[in-house]
Amino acid sequence: MKITFSKWVLFLVFGVFFYTACNKKDKEPQPNSNVMAEIKLEFDNVAGNQNLQLNSTTYTNAVGEQFTVSLFNYYVSNFVFKTAQGNEYVVPQDSCYFLVQESNRNSQVVKMRVPEGDYTEVSFVIGVDSLRNTMDVSRRTGSLDVANLTGENKMYWSWNSGYIFVKLEGNSPAAPADPTGARRFRYHIGGFGGYSSRTINNIKTTTISFGNQHAKVRKGKSPLVHLEVDVLKVFNGSTNLSIASHPTVMFSPFSVNIANNYQKMFSFHHLHNE
Amino acid sequence: MKKISFLIVGFLIFVLVFWLNSCTKKSEVQPEITFVKPANFPEPVYKLERNPITKAGFELGRMLFYEPLLSRDGSISCGSCHIQGSAFTHHGHDVSHGIDDRLGNRNAPAIQNMAFYPHFMWDGGIFDLDLQPIAPIESHVEMDEQLENVLEKLRKTRKYPPLFQKAFGTPEITTSKFLKALSQFMLMMISSNSRYDKYVRKEKGGELTQEELEGLAIFRQKCGTCHSGELFTDFSFRNIGLSDFVNKDEGRALITLNPEDKYKFRVPSLRNVALTQPYMHDGRFRTLQEVLNHYSDNMQDFPNLDSTFRRGGKLGIPLNENEKTKIIAFLRTLSDETFIRDKRFSEPTP
């Protein structure tokens, strides 16, 4: 009996060894985590099962109100990628703040450098972390430059220092008419928790799994992960937002409900390995 | 005889010219730009090491402070509502008229001793001096411009790129450099040479009259809880029972969203207070007498009225007319003539 058991163990060890060896032969070379390469994330804004169209297509929210969208901007930041083996890579802060704008095609694909690997999951912050919100102005460059963007695209509150995380504007017959007769709704959601006094914190994190697919990052091969961002989820969620009741939501306690809704607006669609 | 008197006259003219000359020379000497904390002041809050003040940076900041290009139509500069003679407030205006004569909803606060402030604006919504100028620039009722447009306009001038080069080593005009230059100018605007300061530091000219000294004692006792320290503020936010019939400005609550903070505003510094009428966040009181009358007799009750005002039988601070007169006499000793006449802070001549 004793001998048989040892033989079995021996057989098993050899078996595993052969299996791994064979597998290796079949597959491409293992990723070298000391080599950095590029991964791309596409933020594809949609409304339910349709592509989002600014100012033209009419959509309907869960409470039955019709609306069009004129502006949809949001910050995504602080990306962490996870490999199939469970290793996490935190993208360095200075290169991980992106402003996605529906009106700007180029802003919808963001690129980051990560170690070579097979990635199965990404998590990121919707908005800007509190540290960056209070950082010296010389460290706020690129999409965080407080002079960045003008007019309605502006994503910074100057009177109450802080970034606007998500901005959604549009028209709806459900919204009250302003003096010009326009029926606008405006959602400017931000709030990093306050500097000296505690206040609302709408910094949200989301984690997106790529299902059973692997984004294979290799030098010279940069996979593209296609995410869908559903604008209807801003309205529909744990609180079904009514434009009639809340045509304008900015820095206010109610904004927390909208932030809870939009936390769930991101989903994985598919990915391409080049 | 004639010759002698000619010589004497000639000599006198020579002396006069020489004397005049030496005088002009003296005033032409550029004052040094170094940040010096006044002996009786607390430590600065602003992190000076992240924005070292230089002569060129300060001068650029000064130029920008008085630059009307900062407004949408080039009509107003920071200096339009922050006038030196009134300790950089908008003298005589309850609220300021900005662009197109649109009215704001708050009284322009004094720009002085900014280095020692932990937050800015009546509601403390801005926590970094570097970020402060964006608010008036982009406010619809103030300068109504976009920061990016301001930078773009400055880039197109012939004057500014070389000034940025001098101040920061490169001619590019960036958000950070623009804001840091303005900060350098404002950090240097220190008011610390009032008669009161000289009295405290036991310097020449620091004599206070009996009335002023009594006023100081009453002030410390009755106003010193909030207007404490050498900046005469504890930088807290308090509801001082100002009637909300005048306006519904909720103050600090707009920043914290905490109902407890409704109608609370920052305790203002009282330096140069005699020069900065009208008073309160909305400029509702024209004189110091009216302010003191509010504290003694006219307070409106609120659930979150500051507890300081509930100590006596009556809301407010018990003050008789004699005490008010003495307090006002003391407050006038906080006026700093050197500050409001300091050429370094005045509008540069083109």
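Lettering of chains follows the sequences in order, A, B, ..., and the numbering in each one begins at 1. The basis for the numbers below is simple: all heavy atoms, side chains too, and nothing from hydrogens, waters or symmetry mates.
Interface remark: A:Asp145 contributes side-chain atoms only to the contact with chain B (heavy atom separation under 4.5 Å). Interface remark: A:Thr141 contributes no atoms to any contact with chain B (heavy atom separation under 4.5 Å). Heavy atoms of B:Ile126 lying under 4.5 Å from chain A belong to its backbone as well as its side chain. Residue contact with chain A, scored on non-hydrogen atoms closer than 4.5 Å, involves the backbone and the side chain of B:Glu148 alike. For A:Arg198, the part sitting under 4.5 Å from any heavy atom of chain B is the backbone (N, CA, C, O) and nothing else. Residue contact with chain A, scored on non-hydrogen atoms closer than 4.5 Å, involves the side chain of B:Asp130 exclusively. Of the atoms belonging to B:Lys47, not a single heavy atom falls under 4.5 Å from chain A.
For a heavy-atom cut-off of 4.5 Å, chain A lies close to B:Thr175, B:Ser176 in residues 152-177 of chain B.
Atom NZ of A:Lys111 has 12 or fewer neighbouring heavy atoms from other residues, nucleotides or ligands inside a 6.0 Å radius.
In terms of heavy atoms, A:Ser158 sits closest to B:Ala135 at OG-CA, 3.4 Å. When all heavy atoms are compared, the tightest approach of B:Ile255 to A:Thr199 is O-OG1, 3.8 Å.
By the 4.5 Å heavy-atom criterion applied to side chains, A:Phe251 and B:Leu257 are counted as neighbours. In this structure, A:Val146 and B:Ile134 have side chains that are in contact, with non-hydrogen atoms separated by less than 4.5 Å. Two residues are said to be in side-chain contact when any heavy atoms from C-beta on lie closer than 4.5 Å; B:Leu131 and A:Tyr156 meet this criterion.
Note: B:Phe127 and A:Tyr195 have parallel aromatic rings, judged against thresholds of 30 and 60 degrees for the angle between ring planes.
Residue pairs meeting the salt bridge (charged side-chain N to carboxylate O under 4.0 Å, His left out) criterion with at least one partner in residues 152-161 of chain A, sequence neighbours excluded, are A:Lys154-B:Glu138.
A:Asp136 contributes atom CG, which lies 3.0 Å from atom NZ of B:Lys180 (distance to the nearest 0.5 angstrom). B:His119 NE2 to A:Ser161 OG: the interatomic distance, rounded to the nearest 0.5 Å, is 12.0 Å.
In terms of heavy-atom pairs under 4.5 angstrom with chain A, the leader among B:Leu147, B:Asp128, B:Asn258 is B:Leu147.
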